[in-house]
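Please read the structure below before turning to the comments.
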Amino acid sequence: MHRDPRTDLAELTLAELETLLTGRGLPRFRARQIFQWVWKRGAADFAAMTNLPRELREALGRDFRIATPAVAKHERSEDGTQKLVLRLADDRQIECVFIPDTPAQTFCVSTQVGCAMGCAFCLTGKMGLVRHLTAGEIAAQVRVLVEATGMRGEPFNIVLMGMGEPLHNYDATMKALRLLNEADGFALSPRRVTLSTVGLVPMLDRLAAEPLMPNLAISLHATSEEQRSAIVPPSSKYGLHAIIDAARRFPLSKRGRITFEYVMLSGVNDSVADARRLARLLAGVKAKVNLIPLNAAPGIPFDRPSDATVDAFARELSEKGISVSVRKSRGRDIRAACGQLIVEGGRKASAAQTLAAALG
Ligand code: SAH
Ligand code: SF4
């Protein structure tokens with residue numbers, strides 16, 4: 001594979017870009033100009049940067065690049081959802097999704113190629129982990145989505161609910177949030193970001209100390225240790241109760257709540273007794289529950305529960321004082337819904353091995 005030896009400027013915060021360019025004798029303001037071109041104006045090469053002298057643009061192009069994933073596929077669902085398959089510099093592919101009018105405009109972004117966690121109902125989990133994304137690759141999905149959907153200048157939210165487990169790729173994920181937060185770029189407030197995690201406890205505690213704090217969603221999916229370990233493999237290391245305890249000590253703003261996602265699998269975790277146990281588990285936690293009826297797919301050994309089952313579960317939670325919503329699946333016709341993100345070329349290597357390595 002041919003690797004581009006030039007430094008990728010889209011991996012750098014403004015401060016890092018200033019250090020790099022002033023180190024090469026350029027005035028500091030050039031860094032801000034370039035940063036704005038990349039993040040605010042969507043430039044993918046130096047030639048577009050018309051307020052830079054031509055010789056400088058040429059010189060920059062010799063040593064630096066602005067890596068921008070190519071759109072390999074752009075699909076539109078009948079419900080308005082759009083899914084992009086992006087090709088990265090090493091030809092690996094990831095998916096990201098635009099979900100309009102929820103009522104917000106939302107971009108669903110990936111943090112890894114594949115995922116090591118191996119949840120039994122998730123197609124991305126079936127791929128295993130191919131590799132982590134870099135901070136620039138995570139944030140670049142937003143640059144590409146904004147252009148592809150004509151959303152430049154419009155407000156949007158981000159959910160880190162695409163392919164991958166964000167807390168398994170902790171540093172890159174947090175740096176991506178810093179890139180997106182830059183005032184000279186998208187100036188995206190962390191309040192507009194929701195990080196969804198399977199619940200890696202030490203990383204949750206690390207997240208609790210971050211200055212740029214996204215909203216937190218924890219994928220719980222079960223109401224007993226045995227049940228959760230059976231469908232969410234990392235749970236044998238970080239049990240259900242340890243996660244709830246980490247949630248209890250997680251710092252929240254006055255009105256802040258942690259979302260607990262709960263994928264409903266017919267006959268597995270969808271009984272009223274489960275709902276009652278879930279309410280008991282969450283007693284005293286500032287929580288809301290987001291029920292996600294399974295998006296079924298070939299190769300996933302579970303069924304989606306009936307609407308009546310979902311309603312009964314939701315009603316039970318609500319009667320116990322838990323605030324609850326049911327996630328509508330969007331983009332199922334283009335396989336853009338939760339858990340349906342998968343691209344060719346995933347590694348078939350031992351899932352148990354990759355998980356063990358991931359959990360350290
Ligand atoms: N790895 C993170 C974020 C990506 S998955 C996490 O697990 O939270 C985003 C959400 O989609 C998670 O709540 C996950 O449980 C859910 N999901 C995975 N597969 C699904 C499926 N087949 N149907 C419905 N939701 C699914
Ligand atoms: Fe990974 Fe999330 Fe899928 Fe589990 S649900 S395999 S953590 S992407």
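For ligands, and for the atoms within them, numbers begin at 1 and follow the listed sequence. Throughout, numbering of the chain's residues begins at 1 and tracks the sequence.
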* To do: Quickly, which of Lys73, Arg87, Arg335, Lys83 forms a salt bridge (Lys or Arg N to Asp or Glu O under 4.0 Å) with Glu95? Name it, please.
  => Lys83
Just distances here: any N/O of [X] and N/O of ligand 1 closer than 3.5 Å?
X      : result
Met161 : no
Arg327 : no
Phe121 : yes

Would you kindly specify which portion of [X] sits under 4.0 Å from ligand 1, judged on non-hydrogen atoms: side chain, backbone, both or neither?
X      : value
Asn295 : both
Cys122 : both
Leu123 : neither

* Asked: Which residue pairs pass the salt bridge (Lys or Arg N to Asp or Glu O under 4.0 Å) test when at least one of the two sits in residues 50-62, sequence neighbours left out?
  ->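 Not a single pair qualifies under salt bridge (Lys or Arg N to Asp or Glu O under 4.0 Å).
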* Asked: Can you say whether the rings of Phe156 and Phe186 are parallel (under 30°), tilted (30 to 60°) or perpendicular (over 60°)?
  -> perpendicular
* Asked: Hey, what's the ring geometry for His132 with His168, parallel, tilted or perpendicular (30° and 60° as the breaks)?
  -> perpendicular
* Asked: With a cut-off of 2.8 Å, does Cys122 place any N/O/S atom under that distance from atom 3 (Fe) of ligand 2?
  ->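 Yes, within the cut-off.
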Going by the atom numbers of ligand 1, which of them fall below 4.0 Å from some non-hydrogen atom of [X]?
X      : value
Gly162 : 4 (C)
Gly164 : 1 (N), 2 (C), 3 (C), 4 (C)
His221 : 13 (O), 15 (O)
Glu165 : 1 (N), 2 (C)

* **4.0 Å heavy-atom contact, Gly118 with ligand 2** => yes
* To do: Check each atom of ligand 2 against the heavy atoms of Gly125 and keep those under 4.0 Å away; list them by number with element.
  => 6 (S)
* Structure fact -> Within 4.0 Å of some non-hydrogen atom of Met117, the atoms of ligand 2 are 1 (Fe), 7 (S)
* Asked: Mind checking whether atom 4 (Fe) of ligand 2 has an N, O or S of Cys115 under 2.8 Å?
  -> no
Exceeds 12 heavy-atom contacts within 6.0 angstrom, atom [atom1] of [X]:
X      : atom1 : value
Asp307 : CG    : no
Arg248 : CZ    : yes
Lys288 : NZ    : no

* Heavy-atom nearest neighbour of atom 3 (C) of ligand 1 within options Ser196, Ser110, Ala217 ->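 Among Ser196, Ser110, Ala217, the closest heavy atom to atom 3 (C) of ligand 1 comes from Ser196.
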* Under-4.0 Å salt bridge between Glu137 and Arg92 ->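 Answer for the salt bridge query: no.
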* **SB check Asp90 Arg131 (cutoff 4.0 Å)** =>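 Arg131 and Asp90: salt-bridged.
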* Asked: What residues, two or more places apart in sequence or in another chain, satisfy side chain to side chain contact (heavy atoms under 4.5 Å, CB included) together with Asn215?
  ->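 Asn215 satisfies side chain to side chain contact (heavy atoms under 4.5 Å, CB included) with Thr194 only.
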